[in-house]
Amino acid sequence: MIRNMRQMSNVGSYPPVFRQLNGGGVHPPQQMMAQLKKNNYSMEDTSTTTQEDSVPIPMVDLECLSLHKLGDACKSWGIFRLVNHGIPSTLLTKLQYHAKMLFGLSFESKQALITNPMSYFWGTPALTPSGTALNPAASTSTMNWLEGFNVPLTQLPHFHSEHPMLHCFRLLLEEYGRHLSRIATTLFESMAKNLDLDPKQSESKLDESTALIRVYRYPPRRSLAGEAWGMIPHTDSSVLSIVNQDHVGGLEIFKDNKWHLVNPIPNTLIVHIGDMMQAISDDEYMSVKHRVRVKKQEERLSICYFVFPAEESVIHSSKYKPFTYKDFQEQVQKDTRTLGYKVGLQRFKA
């Protein structure tokens, strides 16, 4: 009851349209739904996913990294849980706390305080390279039930704010970013060994200067009517995505023609294989389809790290035409603007 009362008192921090529509739910548009079904992203079974549908995804130990276990997880699942990652639990706790405090500011305050190079967005996870919403959610039919901060890590030292909460958050993000860079590099080098990639050629396939962090908040949907989705089914465009989620849960993956809940476990990270890693691996590793279900009475918070290839680094694969990440990004942006959704690797099939 106390938790619910606190959240009710926090309603003013949500984007105005969320406050207005919290009684009705949000449905993906018909055109987007048709394409999602065509690409086997079906959402028709959404009402049947329960706690019992949770799946124990593979676990990878970074301290005792097994190339065999890592390879199996990437091939069979496209996702795994990382343990013994070396990030202090106190840092993870502080990050979650400060993120919640920032999201708890009024909508107008967040718009005013979060300035370049960081950006504040809501209603869509599709952003331009500068961090602004690619297709601002003009209607409920195209809206994802989320808000977030976009943080390009290389530019973070240039962000200065007199607001003490933002200053503290920046320092925490910088420390967290250093840990994630270490983890991503270690994992990618191990994956490159598994795939027998040429070490020199693979250097540009994971470029730390491209790394960014997105901090997401998914407001609760208290109405019993309709469905709301924090994120509709998609794959990440990255090489690797590394997720630190809170205790609420809601992340679901598509495997064996069924959606499965990925339960949160404290002090662990969730690693996703992205589209670029799938192409680099010649489709040996699979970019995992996933979505986020919004809870009825509790907001969800996640802190996500994404890293990409160097923009001009050419990806060669027997499955795809040669392309750079810049080519891929431009095509995704074009499709999102014109079609309303990402087509992804299908555009580059050989």
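Just so you know, these numbers come straight off a predicted model, no measurement behind them.
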Output yes when a side-chain donor or acceptor of Asn144 lies under 3.5 Å from a complementary backbone atom of Pro125, and no otherwise.
-> no
Could you please spell out the steps behind the side-chain contact (heavy atoms from CB on, under 4.5 Å) verdict for Val239 and Ile273?
-> CA-CA 6 Å; Val239 176; Ile273 299 299; over 6 Å; no
Checking His158 side chain against Leu156 main chain: does a donor-acceptor pair fall under 3.5 Å?
-> no
Please examine the side chains of Thr185 and Val307, heavy atoms only from C-beta on, and report whether any two atoms are closer than 4.5 Å.
-> no
Val294 and Trp229 have their tightest heavy-atom pair at CG2-C, 3.7 Å
Taking the six-membered ring for Trp and the full ring for Phe, Tyr or His, determine whether the centres of Tyr218 and Trp145 are under 6.0 Å apart.
-> no
Within a strict 4.5 Å, meaning less than it, do heavy atoms of the Tyr176 and Leu180 side chains meet?
-> yes
Answer whether the closest heavy-atom distance between the side chains of Cys304 and Tyr216 falls below 4.5 Å.
-> yes
Is there side-chain contact between Thr235 and Gln278, with heavy atoms separated by less than 4.5 Å?
-> no
Heavy-atom pair with the smallest gap, counting every atom of Leu345 and Ala279 | CD2-CB, 4.1 Å
Heavy atoms only: give me the nearest Leu212-Pro152 pair and the separation to one decimal.
-> CB-CA, 4.1 Å
Is there a donor-acceptor contact under 3.5 Å linking the side chains of Glu208 and Ser181?
-> yes
Which heavy-atom pair separates Ser119 from Ser130 by the least distance, and what is that distance?
-> OG-O, 4.5 Å
With a 3.5 Å cut-off and no angle check, do the side chains of Ser237 and Lys342 form a donor-acceptor pair?
-> yes
Does the distance from a Lys or Arg side-chain N to an Asp or Glu carboxylate O, for Lys110 and Glu147, drop under 4.0 Å?
-> yes
Is there a side-chain contact between Asp335 and Val343 (heavy atoms, below 4.5 Å)?
-> yes
Does some side-chain heavy atom of Leu206 sit less than 4.5 Å from a side-chain heavy atom of Phe308?
-> no
Can you list the steps and then say if Arg170 with Glu174 is a salt bridge (charged side-chain N to carboxylate O under 4.0 Å, His left out)?
-> CA-CA 6 Å; Arg170 192 207 85 189; Glu174 285 184 330; 3.7 Å; yes
Heavy-atom side-chain proximity of Ile315 to Met276 below 4.5 angstrom | yes
Validation row, ring centre Phe107 to ring centre Tyr14 under 6.0 Å | no
Measure the shortest side-chain to side-chain distance between Leu261 and Leu251 over non-hydrogen atoms and say whether it is less than 4.5 angstrom.
-> no
Do you know the tightest heavy-atom contact between Ser281 and Leu195?
-> CB-CD1, 3.6 Å
Lys334 and Glu330 ion-paired at < 4.0 Å | no
Just checking, any donor-acceptor pair under 3.5 angstrom between side chains of Asp327 and Thr324?
-> yes
Can you tell me if Ser13 and Arg217 form a side-chain donor-acceptor pair at under 3.5 Å?
-> yes
Do you see a donor-acceptor pair shorter than 3.5 Å between the side chains of Glu298 and His247?
-> yes
Ignoring hydrogens and angles, state whether a donor on the side chain of Asp236 or Ser238 is under 3.5 Å from an acceptor on the partner side chain.
-> no
If every non-hydrogen atom of Ala350 is compared with every non-hydrogen atom of Ser318, which pair is closest and at what distance?
-> CB-O, 3.9 Å
Straight-line distance of Gln245 CD to Asn263 CG, nearest 0.5 Å = 8.5 Å
May I have all residue pairs that pass ring pair (Phe, Tyr, Trp, His ring centres under 6.0 Å) and include part of residues 61-105, sequence neighbours excluded?
-> Phe103-Phe149
With the threshold set at 4.0 Å, does a side-chain nitrogen-carboxylate oxygen contact exist between Asp283 and Lys349?
-> yes
Check Ile242, Asp246, Asn244, Val151 against Ile303 for a side chain to side chain contact (heavy atoms under 4.5 Å, CB included) and give me the one that passes.
-> Asn244
